> 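Structure in structure tokens, see below.
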Amino acid sequence: MKKFILLILIFTTFTSMADSLSLNKLIGQFDEKKDADFISLDSTILPVNKSGMYLQKEVTQQLIKAYQDFKKVNPNIPFIIVSATRNYDYQNRIWQNKWNTIFAKLKNEQKTAEEILKYSSMPGTSRHHWGTDVDITSVSNEYFKSNPQGKILYQWLQDNMPKYGFCQPFNNGRKGGYLPEEWHWSYHPISKNYLAKYKEIFDKDSQLIINKLNFVGHNKIQLKEFIKEYVFDINSECY
């Protein structure tokens, strides 16, 4: 009976949180600096490569635990937060800069978007909008595959991050979506709610999301198909 009640409470909490998420939050059209659920990483012990980054408070607490435990066994290996919350405007600047460079070479909107999407998200579709996802130390595959310190870090992340609630959304073995990202980790207890709500809205009426997106090239590419692939084609452990 106790187990049954516990399951009901967990389900109720999950449903309540998912239902309370606004579309603007899902697509990053808000200011994390003014959101009570977020905290500046500058106010924590976490090493960062730039100031002004934010994450949700619960995510930050668990990330600090992971960082401290990693440093106990690997005191000389970098564990640095290189990217955290990126709202719509931030992601739009990334997209715009890459579009300007790549489109000048390819002269084709669809191919330009496909090239950018190997590693960067369209504004309104990034998991970094949610304050649950973080990039650690490097955004280079080569660092984690060839650098001795990077190899140790990645092995530790794989073995231990799930203990703190994190999963790796862009792993090997998926059929589509982004290329593998060893550095990208997502706090599953919260991000699963954002993903579920995003999928609920998309499946019911994808135009509600599409109508909110207004970045360069959005009306020249297969936007609906890109959203379907790049938001939802992730590691099954992150659902």
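The figures that follow rest on heavy atoms only: side chains count, while hydrogens, waters and symmetry mates do not. Not measured: the values here are computed from a predicted model. In what follows, residues are counted from 1 in the order of the sequence shown.
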> Out of Val216, Ile116, Leu117, which residue meets the side-chain contact (heavy atoms from CB on, under 4.5 Å) rule with Lys98?
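Single pass found, and it is Ile116.
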
> What residues form a side-chain hydrogen bond (donor to acceptor under 3.5 Å, both in side chains) with Glu229, not counting sequence neighbours?
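In terms of side-chain hydrogen bond (donor to acceptor under 3.5 Å, both in side chains), with neighbours along the sequence ignored, Glu229 is linked to no residue.
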
> Any chance you could measure Leu106, atom CG, to Thr112, atom OG1, to the nearest 0.5 Å?
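So the gap between those two atoms works out to 4.5 Å.
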
> Can you classify the ring geometry of Phe79 versus Trp156 as parallel (below 30°), tilted (30 to 60°) or perpendicular (above 60°)?
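Phe79 vs Trp156 ring planes: perpendicular.
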
> Could you give all pairs that pass the side-chain hydrogen bond (donor to acceptor under 3.5 Å, both in side chains) test and reach residues 136-153, with sequence neighbours left out?
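Listed by first then second residue: Tyr119-Asn141, Asn141-Glu182, Glu142-Ser146.
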
> Name the residue from Arg86, His128, Gln96 that meets the side chain to side chain donor-acceptor pair (under 3.5 Å) definition with Gln91.
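One option only clears the test, and that one is Arg86.
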
> Could you measure the distance from the CD1 atom of Ile190 to the NZ atom of Lys57? Nearest 0.5 Å is fine.
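Nearest 0.5 Å value for the CD1-NZ distance: 12.0 Å.
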
> Go through Glu200 and Lys197 one step at a time and tell me if the salt bridge (Lys or Arg N to Asp or Glu O under 4.0 Å) criterion holds.
CA-CA 5 Å; Glu200 176 189 320; Lys197 188 62 176 181; 3.3 Å; yes

> For the residue pair Phe144 and Tyr154, does the interplanar ring angle fall in the parallel (under 30°), tilted (30 to 60°) or perpendicular (over 60°) class?
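Judged by the thresholds at 30° and 60°, the geometry between Phe144 and Tyr154 is perpendicular.
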
> Is the number of heavy atoms from other residues, nucleotides or ligands under 6.0 Å of Glu237 CD greater than 12?
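12 or below, so no.
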
> Just wondering, more than 12 heavy atoms not from Lys224 lying within 6.0 Å of its NZ?
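For Lys224, atom NZ is not crowded (no more than 12 foreign heavy atoms under 6.0 Å).
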
> Let me confirm one number: the OG-OH distance from Ser83 to Tyr90, rounded to the nearest 0.5 Å.
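Here the interatomic distance stands at 5.5 Å.
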
> Looking at Asp35 and Lys25, is any side-chain nitrogen of the basic one under 4.0 Å from a carboxylate oxygen of the acidic one?
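Yes, charged N to carboxylate O under 4.0 Å.
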
> So for atom CD, which belongs to Gln222, do other residues, nucleotides or ligands contribute more than 12 heavy atoms lying within a distance under 6.0 Å?
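12 or below, so no.
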
> Could you grab the distance from atom CD1 of Ile94 to atom OG of Ser126, nearest 0.5 Å is fine?
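One gets 8.0 Å once the value is rounded to the nearest 0.5 Å.
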
> Would you say the rings of Tyr54 and Phe38 are close, in the sense that their centroids are separated by under 6.0 Å?
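Judged by ring-centre distance (under 6.0 Å), Phe38 and Tyr54 do not meet the cut-off.
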
